[in-house]
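One structure is given below, encoded as C-alpha cells.
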Amino acid sequence: MHEEALESRAVYCPYCDTPFELLVDLSQGSHATWEDCPQCCAPIQLRIEVSPVSGELVSLDLGRDDDVL
C-alpha cells in the first residue's frame with residue numbers, strides 16, 4: 001500500500017447513519033471488501049471501482065451485510 005494511493009472519503013454507516021472518514025486504497029484497483037462501523041461496529045460491505053486508466057476512484061458503494069452490491 002502506498003500512502004499516495006490512499007484517498008479519504010466522508011461516508012455514512014448504512015446501519016446507524018453515523019458519518020465517518022473512510023480511507024480507500026486505490027492501489028488495489030477495483031475490489032470489494034468489508035469495514036466495520038467505528039460507532040456501532042456493524043459490518044459494512046464496500047464496492048470500490050477504480051479507473052484502470054487514471055487510477056482514480058470512479059465509485060464507492062456501501063451496503064449492509066445482507067445487501068447485494
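- Through ILVMFWY side-chain contacts below 4.5 Å, Val68 is grouped with nothing and stands alone.
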Counting only pairs under 3.5 Å, give me each side-chain donor-acceptor contact of residues 32-40, with atom names and distances, residues two or more places apart or in other chains.
none

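- Looking at every heavy atom in both residues, Arg64 comes nearest to Gln45 through O-NE2, 2.8 Å.
- By the side chain to side chain donor-acceptor pair (under 3.5 Å) test, Ser51 is found to be paired with Ser54, residues two or more places apart in sequence or in another chain being considered.
- Residue Phe20 belongs to a hydrophobic cluster whose other members are Val11, Tyr15, Leu22, Val24, Leu26, Ile44, Leu46, Ile48, Val50, Leu57, Leu60, Leu62, with links defined by side-chain heavy atoms closer than 4.5 Å.
- When the salt bridge (charged side-chain N to carboxylate O under 4.0 Å, His left out) test is applied to Arg47, the partners found at least two apart in sequence or on another chain are Asp61.
- Residues passing the side chain to side chain contact (heavy atoms under 4.5 Å, CB included) test with Glu21 are Ser8, Ala10, sequence neighbours excluded.
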